[in-house]
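Chain letters run A, B, ... following the sequence lines, proteins first, then strands; residues in each count from 1.
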There are 2 protein chains.
Amino acid sequence: MIVLLLNLARIRSYMETLLKNLKVEINDKIYVKDPESSDLGKRIVKHSIEMIYELGFEQFTFKKLGAAIKSNESSIYRYFENKHKLLLYLTSWYWSWLEYQLVLQTMIITSPQDKLIKGVEILTQEVTQDSSFSHINEVLLNKIVIAEYSKSYLTKEVDKENKDGYFAIYKRLVMRLKDLIVAVNGSYKFPSSLSSMIIDGALHQHFLKEHFSGITDCNKKITPTSYFLDLVEQLIINNGKK
Amino acid sequence: MIVLLLNLARIRSYMETLLKNLKVEINDKIYVKDPESSDLGKRIVKHSIEMIYELGFEQFTFKKLGAAIKSNESSIYRYFENKHKLLLYLTSWYWSWLEYQLVLQTMIITSPQDKLIKGVEILTQEVTQDSSFSHINEVLLNKIVIAEYSKSYLTKEVDKENKDGYFAIYKRLVMRLKDLIVAVNGSYKFPSSLSSMIIDGALHQHFLKEHFSGITDCNKKITPTSYFLDLVEQLIINNGKK
DNA sequence: CCAAATTTAATAGTAATACTATCAAATAAT
DNA sequence: ATTATTTGATAGTATTACTATTAAATTTGG
């Protein structure tokens with residue numbers, strides 16, 4: 001009984017530590033003023049998600065956003081230097097949210113294999129319901145990440161921005177999946193590449209099934225998740241068992 | 001002897017058919033005027049490759065290109081509607097060139113496994129030497145494809161442009177690799193997804209090793225090719241043997 | 001090889017984008 | 001209630017992404 005209580009206490013403390021680290025905390029160099037700190041900031045975030053989803057990143061402008069929220073273009077510049085920084089903010093928020101899902105939902109699983117399977121599921125499935133956070137629509141944000149995330153790092157400024165930590169959350173998430181892979185099969189030679197490929201590849205397969213359906217096996221029935229689960233099973237789990 | 005001659009004749013005719021289909025022929029809706037048809041057109045292509053490589057696609061403009069080739073901005077618009085179309089042209093050229101490499105270099109291989117291995121090598125390795133085509137630098141073009149290709153399809157116009165056949169060469173190349181996969185292991189459930197993932201994933205891994213080296217196992221010694229070869233060996237070749 | 005047709009260069013101009021600056025009005029904090 | 005901060009409104013700049021026009025240069029066909 002005492003052992004049980006001690007374990008519970010340990011688990012609780014462990015969870016608290018994790019949850020603290022997992023708060024959606026975005027590098028404050030990404031914004032000029034924290035959009036979470038005001039009503040206007042939250043409206044900027046909320047409506048920018050809707051507008052980028054509808055118009056695409058190229059057609060989206062601060063002027064249009066200003067009109068949509070009945071605020072002024074110049075006010076938006078007080079929160080974000082430019083739309084690139086806003087995209088970095090939104091995608092960082094998304095990866096942070098996904099990391100939170102990953103850690104929370106794998107925490108209670110003890111089997112490394114089941115942990116890995118759950119992890120792959122979380123990181124490759126489509127987001128279908130808008131949960132918890134009031135002003136942020138995760139369903140749309142998932143679609144934005146599929147269509148726009150690569151534009152945030154395929155720039156000439158990537159090395160500088162990487163140094164400034166703008167991609168830290170994304171990279172940490174890749175490393176978490178890598179750790180799950182290594183835990184099942186320590187002898188696999190390319191755990192980091194596999195992890196980064198699963199996360200990026202899932203975005204790509206989701207894109208393909210919507211737009212280039214001829215070059216993917218994924219569709220409404222066969223999900224990217226089932227493809228990547230099969231992949232991981234063959235490469236990591238089955239070989240890990242041997 | 002006669003049999004041998006007949007075979008040679010058949011092989012030659014087969015090669016001719018293939019080479020005809022493989023001529024770098026780009027959908028003529030991509031350009032206003034064929035850049036191959038004039039000296040100015042070739043200079044536009046040659047220098048746009050150098051400029052996009054140096055400046056990145058966002059900073060590259062027709063005005064700057066005009067200045068670089070000592071020609072006029074308006075003259076460039078007679079060849080390409082806008083820089084997006086120019087990017088489509090360059091990347092189509094690249095995929096066509098790669099397809100040519102793929103078909104030519106796998107043609108003489110009879111073993112399906114060796115064919116697949118060679119195919120994966122061709123489609124995942126870095127381009128290191130500028131061959132054959134006078135005014136097009138394939139080494140730079142490969143780097144442009146790594147850094148910019150996804151921008152050509154991650155747009156709101158993708159479905160329309162896809163219907164117009166702007167991505168046909170790329171998709172055909174994915175299908176060719178898929179065919180190589182199926183030839184080795186017909187029971188693998190996701191040959192198209194694996195093929196598209198290898199081609200896109202190789203670009204991604206090349207990017208990561210240059211800019212986010214922490215989340216890939218690839219580097220100067222461990223190439224993306226060795227990673228993808230191992231993948232294909234485990235998923236397709238070993239299981240195909242069983 | 002000369003005239004006609006085509007291509008290219010030069011210039012100008014437009015609408016939109018991506019900002020910056022200024023200042024007044026509204027709101028919140030002490 | 002006063003002060004500080006935030007927001008809104010207006011204006012302005014440099015650059016981009018084009019289009020239009022016309023003259024000069026080049027190519028081509030008879």
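Residues of residues 36-46 of chain A that place a heavy atom closer than 4.0 Å to DNA chain D, in numerical order, are A:S38, A:L40.
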Assess whether side-chain contact (heavy atoms from CB on, under 4.5 Å) is satisfied between A:I52 and A:K83, documenting all intermediate values.
CA-CA 10 Å; A:I52 292 173; A:K83 68 175 181 173; over 6 Å; no
CA sep, side-chain torsions, deciding dist, call: B:W95, B:I199, side-chain contact (heavy atoms from CB on, under 4.5 Å)
CA-CA 11 Å; B:W95 294 121; B:I199 291 173; 3.7 Å; yes
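Within the structure, a side-chain polar atom (N or O) of A:S75 is placed less than 4.0 Å from OP1 or OP2 of D:dG8. Dashed line: the shortest gap from a side-chain N or O of A:T61 to OP1 or OP2 of C:dT17 is not under 4.0 Å.
Other residues, nucleotides and ligands contribute at most 12 non-hydrogen atoms within 6.0 Å of the OH atom of A:Y53.
With a 4.5 Å cut-off on side-chain heavy atoms, B:I144 and B:Y94 do not count as touching. B:D200 places a side-chain heavy atom less than 4.5 Å from the side chain of A:D200.
As a whole-Å value, the separation of A:K85 NZ from C:dC19 C1' is 14 Å. When rounded to the nearest whole Å, the span between CZ of B:F57 and C1' of D:dA17 equals 12 Å. A straight line from NZ of B:K63 to C1' of C:dT14 spans 13 Å, rounded to a whole angstrom. Atom pair A:L87:CG and C:dA18:P shows a separation of 13 Å (rounding to whole Å applied). If you take CG of A:L55 and P of C:dA16, they are 15 Å apart, rounded to a whole angstrom. Note: NZ (A:K33) to P (D:dT5) measures 11 Å, nearest angstrom. Between the C1' atom of C:dA18 and the NZ atom of A:K64 lies a distance of 13 Å, rounded to the nearest Å. If you measure from atom CD1 of B:I76 to atom P of C:dA9, you get 9 Å, rounded to the nearest angstrom.
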Every protein N/O lying under 3.5 Å from an N/O of nucleotides 18-23 of chain D:
| from | atom 1 | to | atom 2 | distance (Å) |
| --- | --- | --- | --- | --- |
| D:dC18 | O5' | B:Y77 | OH | 3.2 |
| D:dC18 | N4 | B:E73 | OE1 | 3.4 |

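Within the 4.0 angstrom heavy-atom criterion, only backbone atoms of the sugar-phosphate kind lie near B:Y79; the bases stay farther away.
Comment: A:E157 does not engage A:K160 in a salt bridge, judged by the lack of any side-chain N to carboxylate O separation of less than 4.0 angstrom.
Of the inter-residue distances, the one linking A:E54 atom CD with A:L140 atom CG reads 8.0 Å to the nearest 0.5 angstrom.
A donor-acceptor pair shorter than 3.5 Å can be found between the side chains of B:Y79 and B:S38.
The side-chain contact (heavy atoms from CB on, under 4.5 Å) search around B:S92 returns B:I26, B:I30, B:I169, not counting sequence neighbours.
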